[in-house]
Trainee: 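The structure follows.
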Protein chains: 2
Amino acid sequence: MKFEDTVSHLLSRVATAHKAHLEKRLAAVGLHGGQLSVLFELWRRDGRRQVDLAREIGLATPTVNKILGGMIEVGLVDRTRLEDDARATRIYLTDEGHAMRAKVEEVWLEVEEELLSEFTESERLILFSLLTKVRNYYFGVDPDQVDD
Amino acid sequence: MKFEDTVSHLLSRVATAHKAHLEKRLAAVGLHGGQLSVLFELWRRDGRRQVDLAREIGLATPTVNKILGGMIEVGLVDRTRLEDDARATRIYLTDEGHAMRAKVEEVWLEVEEELLSEFTESERLILFSLLTKVRNYYFGVDPDQVDD
DNA sequence: CAGTTATTATTAGCTCGCTAACTATCATTG
DNA sequence: CAATGATAGTTAGCGAGCTAATAATAACTG
């Protein structure tokens, strides 16, 4: 058989290339890829616990914990103990964490446009819809997709 | 803006989930994800130099070097110095490296079928073609795609 | 042919992803 | 209320990707 003819193989290859590419583009605003995935979630709503963030993002809790450690160091977020549960913490964006959003939006639109520059409008929509289907295979259907 | 509505974001999420999933499935045959990407290339043709493998796979040479170190340890490949160039090495599959192919094919077909179980035949073809377009954006058009 | 430049492999060190194992705390139940 | 079990965060350690820097060798050039 030809492994090259499978979607899985193609997806793996594209995945690593895309991640490496993102990392390079994010360096311009002083971010790492993992930090961004956490920021995406915090920009939706901050003040949540690490375990909740991890579940939403789809990462293991130690991964999120490590990324947050780096983000605290560079001053993007704060970690405060929960008042009524001494086990848990709440993660809040700092002013810098909020301010980062504008910078990232700029880069993000560029990255998206460059990636899809050779795609027609309908190809973009189809790719988005098929990738959503793959995402649903791994994460289940996103409830936020319906309303909101 | 909503980052969730971009292909880049979707691709990042799907990418990590897919890689994590592959890693789990490959554990059944005793392989790691990085080893597999090298094997894919060696199964096409072995006896090449590390730098050539890295270029074809689309990885940095230190990455390939590290992966090969692990593969040599577990006996999947051999590394021999080049006769006419003392800098370079040639990477050859061992018998075990060749034999691994059959095991991987089995797993691979399963993974592919499960991933695409909810996709129609035409959706599969379209997804493959659109992902190929993304790959070409990152790697350029593959010359092997034409003939062979 | 001596000196510079380019290439190959490698090492070191970083982020990111994981699992396993540990600690502290909460919740439950006897 | 004491013991057991569940939960939150963390630490340790692994593989995979990267860049930067080294060492050894080849190739080119004056």
Side-chain angles (χ1 to χ4, degrees), chain A residues 12-27 30-40 48-74 76-77 79-91 138, chain B residues 12-27 30-41 48-55 57-74 76-77 79-91 138:
Chain A
S12 304
R13 252 194 100 121
V14 167
T16 54
H18 185 59
K19 290 208 142 195
H21 179 65
L22 279 186
E23 197 75 26
K24 276 183 194 166
R25 296 301 298 264
L26 286 175
L31 280 182
H32 291 290
Q35 297 178 335
L36 188 60
S37 56
V38 172
L39 281 177
F40 280 150
R48 278 183 285 177
R49 305 177 306 164
Q50 296 187 38
V51 65
D52 295 326
L53 289 175
R55 183 170 20 77
E56 289 299 319
I57 304 172
L59 296 177
T61 51
T63 301
V64 172
N65 182 266
K66 199 196 295 185
I67 293 172
L68 284 172
M71 293 175 77
I72 292 171
E73 271 188 14
V74 298
L76 288 168
V77 298
R79 180 155 46 192
T80 62
R81 280 283 152 194
L82 235 164
E83 54 290 343
D84 56 340
D85 188 341
R87 294 171 300 182
T89 57
R90 285 195 192 281
I91 306 298
Y138 284 121
Chain B
S12 304
R13 254 194 99 124
V14 167
T16 54
H18 185 59
K19 290 208 143 196
H21 182 243
L22 279 185
E23 197 75 26
K24 276 183 193 166
R25 297 301 298 266
L26 287 174
L31 279 181
H32 291 290
Q35 298 177 334
L36 188 59
S37 56
V38 172
L39 281 176
F40 280 149
E41 199 56 39
R48 277 182 285 177
R49 305 178 305 162
Q50 296 188 38
V51 65
D52 295 326
L53 288 175
R55 185 171 18 79
I57 304 172
L59 295 177
T61 51
T63 302
V64 172
N65 182 266
K66 199 195 294 184
I67 293 173
L68 284 172
M71 294 175 76
I72 292 170
E73 271 188 14
V74 298
L76 289 169
V77 298
R79 181 156 45 193
T80 63
R81 281 282 152 194
L82 235 163
E83 55 288 342
D84 56 339
D85 188 340
R87 293 171 300 182
T89 58
R90 285 194 192 281
I91 306 298
Y138 283 121

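Below, chain A is the first sequence line, B the second, and so on; all start at residue 1. These values consider heavy atoms only, across backbone and side chains, with no hydrogens, waters or symmetry-generated copies. All of these numbers come straight from a predicted model, not from anything done at the bench.
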Trainee: Just call it for B:Ala60: base, sugar-phosphate, or nothing, with non-hydrogen atoms closer than 4.0 Å on any strand.
Mentor: base
Trainee: Look only at the side chain of B:Arg48 and the backbone of B:Glu41, and say whether a donor-acceptor pair between them is shorter than 3.5 Å.
Mentor: yes
Trainee: Under 3.5 Å, is there any donor-acceptor pair linking the side chain of B:Arg87 to the base of C:dT7?
Mentor: yes
Trainee: Choosing from D:dT25, C:dT19, D:dA8, which nucleotide comes nearest the side chain of B:Lys24?
Mentor: C:dT19
Trainee: Look at the side chain of A:Gln50 and decide which nucleotide, out of D:dG17, C:dT10, D:dG9, has an atom nearest to it.
Mentor: D:dG9
Trainee: OP1, OP2 of C:dT8 versus side-chain N and O of B:Arg79: anything below 4.0 Å?
Mentor: no
Trainee: Would you say A:Thr89 reaches D:dG9's phosphate, i.e. side-chain N/O to OP1/OP2 under 4.0 Å?
Mentor: yes
Trainee: Quick check: closest heavy atoms across A:Gly33 and A:Leu26, and the distance to 0.1 Å?
Mentor: CA-CD1, 3.9 Å
Trainee: Just checking A:Gln35: base, sugar-phosphate only, or nothing, at a heavy-atom cut-off of under 4.0 Å?
Mentor: sugar-phosphate
Trainee: Restricting to non-hydrogen atoms, name the atom on A:Ala86 and the atom on A:Arg81 that form the minimum distance, rounded to 0.1 Å.
Mentor: O-NH1, 3.0 Å
Trainee: On DNA chain C, does the nearest nucleotide to A:His32 precede the nearest nucleotide to A:Asp85 from the 5' side, or the other way round? Give the residue.
Mentor: A:His32
Trainee: In a table with atom names and distances, give each donor-acceptor pair under 3.5 Å that connects a side chain of residues 57-67 of chain A to protein atoms at least two apart or in another chain.
Mentor:
from	atom 1	to	atom 2	distance (Å)
A:Asn65	ND2	A:Gln50	OE1	3.0

Trainee: Mind checking if B:Gly69 touches a base, just sugar-phosphate, or nothing, with heavy atoms under 4.0 Å?
Mentor: nothing
Trainee: Does B:His21 have any ring-ring contact (aromatic ring centres under 6.0 Å, His included) partners at least two apart in sequence or in another chain, and if so, which?
Mentor: A:Tyr138
Trainee: Check the distance between D:dA8's P and A:Lys66's NZ and give it to me in whole angstrom.
Mentor: 21 Å
Trainee: Please work out if A:Leu82 contacts a base, only the sugar-phosphate, or nothing of the nucleic acid, heavy-atom cut-off 4.0 Å.
Mentor: nothing
Trainee: Can you tell me if the side-chain N/O atoms of B:Thr63 get under 4.0 Å from OP1 or OP2 in D:dC18?
Mentor: yes
Trainee: Angle between the two end axes of the helix from C:dC1-D:dG30 to C:dG30-D:dC1, five base pairs per end, rounded to 10 degrees?
Mentor: 10°
Trainee: Look at all strands and tell whether B:Thr16 reaches a base, only sugar-phosphate, or nothing, counting heavy atoms closer than 4.0 Å.
Mentor: sugar-phosphate
Trainee: From NZ of B:Lys19 over to P of D:dA16, roughly how many Å is that when rounded to an integer?
Mentor: 9 Å
Trainee: Can you tell me which nucleotide in C:dC26, D:dG17, C:dT10 comes closest to the side chain of B:Asn65?
Mentor: C:dT10
Trainee: Could you please name the option among C:dT10, D:dG17, D:dA8 that lies closest to any side-chain atom of B:Pro62?
Mentor: C:dT10
Trainee: With rounding to the nearest 0.5 Å, note down the distance linking CD1 in A:Ile91 to CE in A:Met71.
Mentor: 9.0 Å
Trainee: Counting side-chain heavy atoms from CB outward, which of C:dT10, C:dC18, D:dT25 is closest to B:Arg81?
Mentor: C:dT10
Trainee: 5'-most contact on DNA chain D: B:Asp84 or A:Ala88, nearest heavy atom basis?
Mentor: A:Ala88
